[in-house]
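From a predicted model like this one, the values you see are computed outputs, not experimental measurements.
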Amino acid sequence: MKSLFTPETYVEIEKRINNLSNSSTASWGKMDVAQMLCHCKYPLKIALRNKSPKIKPNILAKILFKKSMYNDRPWRKNLPTHPSLKITDQKVFDTEKTELLELVSSFYDERNKKEWNPHPIFGTFTPQQWGQLQYKHLDHHLKQFNA
């Protein structure tokens, strides 16, 4: 599984985000491209502790879904999104793109960090799992917009 902590994967994700335009359309889902970029910021903010969603820990989610967050199996299309992480209001594409690129860079800059705070839903991840989780989420949504 690729990790956002490896230099080549970081460069790949940056390029894929930069290949998006305001006119990029989704192959599935309800979000437009600006909303998707905004949505993709949440997991990075959670990891960097810039955002704490209003989600209570769920032992069932932790048991059933934690490994799917960082394993090699791609996520299926149209997975449900927790209501607190849904983006339904209009967003400004250029602002969202710039902010997402900044968060991706900030996350990559933490690649040598050994101790990470637990995820608010899924609990403890190793540094390797954090890098894989971030890559997998970004990859899923970039594929959604053919990037």
Side-chain angles (χ1 to χ4, degrees), residues 1-20 24 26-88 91 93-147:
M1 167 54 78
K2 290 184 179 182
S3 169
L4 194 52
F5 287 143
T6 60
E8 54 278 350
T9 302
Y10 168 69
V11 169
E12 170 202 326
I13 290 294
E14 265 194 332
K15 284 180 182 176
R16 290 171 67 189
I17 293 169
N18 278 316
N19 282 336
L20 294 167
S24 296
S27 296
W28 74 84
K30 298 177 182 175
M31 293 183 288
D32 66 27
V33 66
Q35 290 168 327
M36 178 275 290
L37 292 169
C38 181
H39 168 79
C40 284
K41 295 184 315 186
Y42 280 104
L44 293 159
K45 287 180 177 182
I46 290 168
L48 296 167
R49 285 297 190 229
N50 296 342
K51 175 104 178 138
S52 184
K54 295 177 169 110
I55 303 174
K56 294 181 182 179
N58 181 323
I59 192 71
L60 187 60
K62 188 174 178 179
I63 292 169
L64 294 177
F65 300 111
K66 184 175 180 178
K67 287 184 181 178
S68 74
M69 303 307 290
Y70 55 83
N71 66 17
D72 286 328
R73 194 170 30 206
W75 292 338
R76 65 177 172 81
K77 298 173 183 177
N78 293 310
L79 283 172
T81 301
H82 191 280
S84 69
L85 302 178
K86 285 185 179 181
I87 308 299
T88 56
K91 298 294 179 183
F93 173 81
D94 290 329
T95 301
E96 298 303 329
K97 183 176 175 179
T98 298
E99 290 176 3
L100 179 58
L101 286 167
E102 288 170 359
L103 282 166
V104 167
S105 177
S106 294
F107 184 79
Y108 177 74
D109 288 345
E110 297 290 326
R111 65 192 173 277
N112 295 318
K113 185 176 174 179
K114 301 294 182 214
E115 297 290 325
W116 288 80
N117 290 319
H119 189 280
I121 300 171
F122 299 106
T124 303
F125 286 115
T126 66
Q128 178 184 0
Q129 290 167 341
W130 271 112
Q132 292 167 330
L133 162 63
Q134 298 302 334
Y135 172 78
K136 191 169 184 177
H137 185 250
L138 289 166
D139 178 62
H140 174 76
H141 286 293
L142 291 169
K143 284 179 180 174
Q144 179 184 11
F145 284 84
N146 303 305

### Message
Once rounded to the nearest 0.5 Å, what's the spacing between atom CG of Leu133 and atom CE of Met1?
### Response
9.5 Å
### Query
Looking only at atom types and distance, does a side-chain atom of Lys97 sit under 3.5 Å from a main-chain N or O of Asn18, one as donor and one as acceptor?
yes
### Query
Who passes side chain to side chain donor-acceptor pair (under 3.5 Å) against Thr9, sequence neighbours left out?
Thr6
### Summary
Hits for side-chain contact (heavy atoms from CB on, under 4.5 Å) against Lys143, two or more places apart or cross-chain, chain-then-number order -> Arg16, Trp28, Asp139
### Task
Apply side chain to side chain contact (heavy atoms under 4.5 Å, CB included) to Gln134 and Ile13, showing your working.
CA-CA 10 Å; Gln134 298 302 334; Ile13 290 294; over 6 Å; no
### Query
Considering only heavy atoms from C-beta outward, does the side chain of Cys40 approach that of His137 to under 4.5 Å?
yes
### Message
Between Tyr70 and Gln132, is there a side-chain donor-acceptor contact under 3.5 Å, judged purely by atom types and distance?
### Response
no
### Query
Taking atom NZ of Lys113 as the centre, does the number of heavy atoms from other residues, nucleotides or ligands within less than 6.0 Å exceed 12?
yes
### Summary
Hits for side-chain contact (heavy atoms from CB on, under 4.5 Å) against Arg76, two or more places apart or cross-chain, chain-then-number order -> Leu79, Pro80
### Query
Knowing that exactly one of Asp32, Val33, Leu37 qualifies, which makes a side-chain contact (heavy atoms from CB on, under 4.5 Å) with Gln35?
Asp32
### Query
Could you give the distance from NZ (Lys2) to NZ (Lys136), rounded to the nearest 0.5 Å?
13.5 Å
### Message
Going by ring-ring contact (aromatic ring centres under 6.0 Å, His included), Phe5 matches just one of Tyr10, Trp130, Phe107, Tyr108. Which one?
### Response
Phe107
#### Entry: Residue pair His39 / Leu85: nearest heavy atoms and the distance that separates them
ND1-O, 2.9 Å
### Task
Would you check if the distance from the ring center of Trp116 to the ring center of Phe122 is below 6.0 Å?
no
### Query
Which residues satisfy the side chain to side chain donor-acceptor pair (under 3.5 Å) test with Glu99, sequence neighbours excluded?
Lys41
### Query
Given the rule in the side chain to side chain contact (heavy atoms under 4.5 Å, CB included) test, do Leu44 and Leu100 qualify, once you have shown the distances and angles that lead to the verdict?
CA-CA 9 Å; Leu44 293 159; Leu100 179 58; 3.6 Å; yes
### Query
Does Ser106 reach the main-chain N or O of Glu102 with its side chain, forming a donor-acceptor pair under 3.5 Å?
yes
### Query
So, does His119 use its side chain to make a donor-acceptor pair with the main chain of Ala47 at under 3.5 Å?
no
### Message
When you compare the side chain of Phe93 with that of Leu20, does any pair of heavy atoms fall below 4.5 Å?
### Response
yes
### Task
For the residue pair Asn117 and Ile46, establish whether any side-chain heavy-atom pair is separated by less than 4.5 Å.
no
### Task
To the nearest 0.5 angstrom, please state how far the CH2 atom of Trp75 sits from the NE2 atom of His141.
7.0 Å
### Query
Partners of Pro118 by side-chain contact (heavy atoms from CB on, under 4.5 Å), sequence neighbours excluded?
Arg49, Thr124
### Ser27 OG to Lys77 NZ distance, which is reported to the nearest 0.5 Å
6.5 Å
### Message
If the condition is side chain to side chain donor-acceptor pair (under 3.5 Å), which residues does Thr88 pass it with, not counting sequence neighbours?
### Response
none
### Task
From the options Gln144, Lys30, Glu96, Lys91, select the one residue that forms a side-chain contact (heavy atoms from CB on, under 4.5 Å) with Met36.
Gln144
### Task
Heavy atoms only: give me the nearest Ile87-Met31 pair and the separation to one decimal.
O-CG, 4.2 Å
